Number of protein chains: 2
Amino acid sequence: MVKAEVPPIRIRDVAALAGVSPATVSRVLNMAPSVNSADRARVLTAVKALGYRPNRLAQNLRRQKTEMIGVVVSDIDNPHFATMVRALEGAAYSLGYRVLLCNTDGQAEKQRSYLEVLAAERVLGVVLSPSNPAGDEIGALLDLRIPVVAFDRPVTDPRADAVVADNRGAAVTATKLLINAGHKHIGFLSNPDLFTVSQRLAGYEDTMAAVGLRPCSLPGYSRIEEGASATSKLLDSSEGITALIAGNNSMALGALRALHARKIKVPEEMALVAFDDPIWAAVANPPLTVLAQPIEQMAESMVDLLQERIHGNRLEPRRLVVDFELRVRESCGTAQ
Amino acid sequence: MVKAEVPPIRIRDVAALAGVSPATVSRVLNMAPSVNSADRARVLTAVKALGYRPNRLAQNLRRQKTEMIGVVVSDIDNPHFATMVRALEGAAYSLGYRVLLCNTDGQAEKQRSYLEVLAAERVLGVVLSPSNPAGDEIGALLDLRIPVVAFDRPVTDPRADAVVADNRGAAVTATKLLINAGHKHIGFLSNPDLFTVSQRLAGYEDTMAAVGLRPCSLPGYSRIEEGASATSKLLDSSEGITALIAGNNSMALGALRALHARKIKVPEEMALVAFDDPIWAAVANPPLTVLAQPIEQMAESMVDLLQERIHGNRLEPRRLVVDFELRVRESCGTAQ
DNA sequence: CTGAAAGCGCTTACAG
DNA sequence: CTGAAAGCGCTTACAG
């Protein structure tokens, strides 16, 4: 049996059934204040009777916008972004917005392409962790009056909002924690490709220099294997390193892998401090001391910033800086 | 300085500049085979000169569809879904589709609401891990000729495709692994709310029964804390349990937490096998023996299934079952 | 308060 | 091969 094609119900069908014009139906559905209550009731009845659902595509064209926000991250499979995306989705959903997810793999070209799509789709706003903070398409979005809020790293266009964590300060905290515990040879697993990690590296280097210690960092480019091999190199160097700061959670995983492979005890033989607080950090071997970002709070702030812009309540850009929180567990080897 | 409002360029602007009709511009842009090559060249020049980009919203209305696929999961922050979403995004992107991300928190109501949005937006297809496999909106989607492919768990509507892993078989493998290692008292951390976990539980129970062992499971509802408390209860019971199977990765994390808290050595005092292979599993304490799903392959299959439907190349529904892969590491305590 | 009409920016039969 | 015209399904000044 071939299924009969059911023609979708349009606003004019509802209007006909209710005995009013399509304009009136539209007004009722869009909460226009002034509609005769008898008409209103009949419209509502007709809507229900027919199971009418407005065609979003038509609404979008008419209004020249889409009730969607674009979320652009470099890797949704990284817990940092997964947690952020989840929080953003929750905040957006409760405001009636949907999330268009854009995964860039850290490629400027993919970011460009996605931002172009977001502009073409006339999303209400964009939240992005920029792979390419100076991309023209960011300006193009803003030209279209589509608000943009950056996280992790600000973008160069001064019209964009931003919410970033104090990466430098967090690294200072981590470094001091280890210095105060008596460590003199502290290594840092870095990633020159990531702005956040570079900021952390800078905080580490300055803190080391300030107390006359020699910084010693190695780049690992964020894949777990690279974190492991950077760790190995650091261990093989003549530095006599006794403590390690992992620039991000991939590096921490890599460091753990290398340390486990060599049967080096953490924290007894090697202290470790990491950034971010993915679900596994508290049950790692040993439980990881971390500097955690307030991801939920950042997500809410970003959606709020977007909301202000969407409603035209603010013209001047804002840059929020939020603090990390130190969560001392076992890996740093200090009781506190 | 107030920025001048730049009126967006429309197809008629391009047509005027190129000295042709809007229809011709449209044909050139949509690769219609037969357009005079002189006209074609002039259109392309005009497009470039004006920086014209077709208005997607108008295209969507006209075509009554959107180049988007909806992806519906219960928790993007769970590595299982994060990895799946990433793989789906990659596969979709290379086919020119975008991903509308829908996070349901496992709530039937949120699933309903999202599927309604996806229908209203006339997405090209939907991939979902169903919270509510019998939701009417799934049928509504299919009525609109929007293909649906389920994963993790099939949906009841026979017109939907599905890609599921052999959860039952994987649990049989896990249980036999432990039985062969000599364990007689094997506990299972379950979650009656999750179809996948229930399937695994069934495989475990049958395998235990088949060799005359007494199954012993405790529900934990998937939050890490609950996994931990279920583990504690199992340890406190009089069963004398020597091995544990964690029904999913949250339960595994909870089990590890409880085991660490009690200083119970894994695998010496307690063997552990888990499902899925999140990034941290290989560096957990100890590295976890797992049954891993071929997530990437599942994602590709699902996008392929969608693609066949979108192009109308297939009418009869398909259900694919894929196998887990056993990855023996240290937590099960068998050298193999 | 309400309807007729225009229009959002495209695409696509239709006619030539 | 190409253009004029209709139309996708809404919303919203405009007039009454």
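Since the model is a prediction, treat every value here as computed from it, not as a measurement. Order of the sequence lines fixes the chain letters, A, B, ..., with proteins taken first and strands second; residue numbering starts at 1 for each chain.
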[X] [atom1] to [N] [atom2], straight-line distance once rounded to whole Å:
X      : N       : atom1 : atom2 : result
R62(B) : dT11(C) : CZ    : C1'   : 4 Å
I9(B)  : dG9(C)  : CD1   : P     : 12 Å
L61(B) : dC10(D) : CG    : C1'   : 8 Å
R53(A) : dC10(D) : CZ    : P     : 12 Å
R56(A) : dC8(C)  : CZ    : C1'   : 18 Å
N36(B) : dG3(D)  : CG    : C1'   : 14 Å
Q64(B) : dC8(C)  : CD    : P     : 19 Å
I11(A) : dG3(C)  : CD1   : C1'   : 13 Å

Checklist line | Nearest-angstrom distance, C1' atom, dT12(C) to dG16(C) | finding: 16 Å
Margin query: Under 4.0 Å, heavy atoms only, any strand: does R63(B) hit a base, just the sugar-phosphate, or nothing?
Written below: sugar-phosphate
Margin query: Go nucleotide by nucleotide along DNA chain D from the 5' end; which of R12(A) and V25(A) gets its closest nucleotide reached first?
Written below: R12(A)
Note to self: Can you work out whether A23(B) or L57(A) has the more 5'-proximal nearest nucleotide on DNA chain D?
What the structure shows: A23(B)
Does [N] have its OP1 or OP2 closer than 4.0 Å to a side-chain nitrogen or oxygen of [X]?
X      : N      : result
Y52(B) : dG9(C) : no
T24(B) : dG3(D) : yes
N55(A) : dC8(D) : no
N60(B) : dC8(D) : no
Q59(A) : dG9(D) : no

Note to self: Among dT2(C), dC10(D), dT12(C), which nucleotide has an atom closest to any side-chain atom of S26(B)?
What the structure shows: dT12(C)
Note to self: Are the side chains of R98(A) and L124(A) in contact, using a 4.5 Å heavy-atom criterion?
What the structure shows: no
Item checked: Pair assignment for DNA chain C - dot-bracket with | for other-strand partners, Watson-Crick or G-U under 3.5 Å -> |||.||||||||.|||
Checklist line | Short N-O contact, R86(A) and E89(A), less than 4.0 angstrom | finding: no
Next item on the list: Answer yes or no: is there an ion pair linking D161(A) with R314(A), defined by an N-O contact shorter than 4.0 Å?
Entry: yes
Give a yes or no answer on whether the side chain of [X] reaches the backbone of [Y] with a donor-acceptor pair at less than 3.5 Å.
X       : Y       : result
D105(B) : Q107(B) : no
K110(B) : N103(B) : yes
D13(A)  : I9(A)   : no

Margin query: For V85(B), run the side chain to side chain contact (heavy atoms under 4.5 Å, CB included) check against V127(B), I295(B), L101(B) and tell me which one passes.
Written below: L101(B)
Margin query: As a test of understanding, state which of V164(A), V73(A), V71(A), V72(A) forms a side chain to side chain contact (heavy atoms under 4.5 Å, CB included) with F151(A).
Written below: V73(A)
Checklist line | Polar pair under 3.5 Å, donor/acceptor by atom type, side chain R27(B), base dG3(D) | finding: yes
